[in-house]
Amino acid sequence: MIEGRLCERKMVRFKNLMTGLLLCSCGVVYADMPRTDLNIGLYRIEAEIAANQGDRMQGLMQRRGMASHQGMVFSFTFVDRHCMWMKNTLLPLSVGFLDETGVILNIEDMQPQTETSHCAGGPAKYALEMNQGWFAQRGLKAGMRVSGLDHLPPAR
């Protein structure tokens with residue numbers, strides 16, 4: 001009986017260790033994305049940069065939370081009417097589509113775990129995802145400019 005309890009405790013410890021390792025490995029994926037500071041008016045954004053195909057495909061999928069001053073900027077290899085969707089994304093987000101100079105073309109609210117396409121209102125080079133309502137709560141609208149995009153690595 002004592003051996004059974006010891007074995008059970010070891011299994012619980014092993015499961016906890018494996019869960020911790022799994023969570024750590026997920027954090028490493030996110031930590032590998034470069035970051036930059038962007039600004040819109042008086043507001044500073046700490047943005048993760050999705051500048052390659054793998055990072056653009058991963059985006060903010062599987063995240064359970066994001067600080068209010070954080071977001072993700074997607075840098076595309078070409079200017080087009082890019083579209084975003086929320087498959088496997090757990091957070092409600094707002095996306096601002098930006099032209100080559102950083103001017104906001106349009107802002108779309110996106111619901112978690114949906115496959116609805118949200119597209120740029122015109123030729124866009126960037127998309128900036130923030131927590132849902134972030135743009136509206138700050139009075140930020142189409143026509144305003146995001147600065148700091150010139151510090152992004154080249155999209156590939």
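Counting begins at 1 with the first residue of the sequence.
- Contacts of Asp109 classified as side chain to side chain donor-acceptor pair (under 3.5 Å), with partners at least two apart in sequence or in another chain: Ser94.
- Partners of Thr89 according to the side chain to side chain contact (heavy atoms under 4.5 Å, CB included) rule, which considers only residues two or more places apart in sequence or in another chain, are Met61, Met86, Leu93.
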- Run the numbers on Glu48 and Arg63 for salt bridge (Lys or Arg N to Asp or Glu O under 4.0 Å), then give the verdict. CA-CA 13 Å; Glu48 289 180 77; Arg63 307 278 180 105; 2.9 Å; yes
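- The disulfide (SG to SG under 2.5 Å) contacts involving residues 126-156 comprise nothing, where partners must be two or more places apart or lie in separate chains.
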List the atom pairs, donor and acceptor, that lie under 3.5 Å between side-chain atoms in residues 145-155 and the rest of the protein, sequence neighbours left out.
| from | atom 1 | to | atom 2 | distance (Å) |
| --- | --- | --- | --- | --- |
| Arg145 | NH1 | Thr101 | O | 2.8 |
| Arg145 | NH1 | Thr101 | OG1 | 3.0 |
| Ser147 | OG | Asn39 | O | 3.4 |

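- Evaluation of the disulfide (SG to SG under 2.5 Å) test over residues 85-117, restricted to residues two or more places apart or in two chains, returns none.
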Identify each donor-acceptor pair in which a side-chain atom of residues 111-127 lies under 3.5 Å from a protein atom, sequence neighbours left out, and give them as a table.
| from | atom 1 | to | atom 2 | distance (Å) |
| --- | --- | --- | --- | --- |
| Thr114 | OG1 | Gln111 | O | 2.9 |
| Lys125 | NZ | Phe76 | O | 2.4 |

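- Applying the disulfide (SG to SG under 2.5 Å) definition to pairs two or more places apart or across chains, none involves residues 120-156.
- Residue pairs meeting the disulfide (SG to SG under 2.5 Å) criterion with at least one partner in residues 126-156, sequence neighbours excluded, are absent.
- Residues forming a side chain to side chain donor-acceptor pair (under 3.5 Å) with Gln70 (at least two apart in sequence, or on another chain): Glu46.
- Taking the side chain to side chain donor-acceptor pair (under 3.5 Å) definition, one finds that Asn131 meets it with nothing, sequence neighbours left out.
- Applying the side chain to side chain donor-acceptor pair (under 3.5 Å) test to Gln53 and every residue at least two apart in sequence or in another chain returns Arg56.
- Counting heavy atoms from C-beta outward, Ile40 and Phe135 have side chains that approach closer than 4.5 Å.
- Residues that satisfy the salt bridge (charged side-chain N to carboxylate O under 4.0 Å, His left out) test with Asp37, not counting sequence neighbours, are Arg44.
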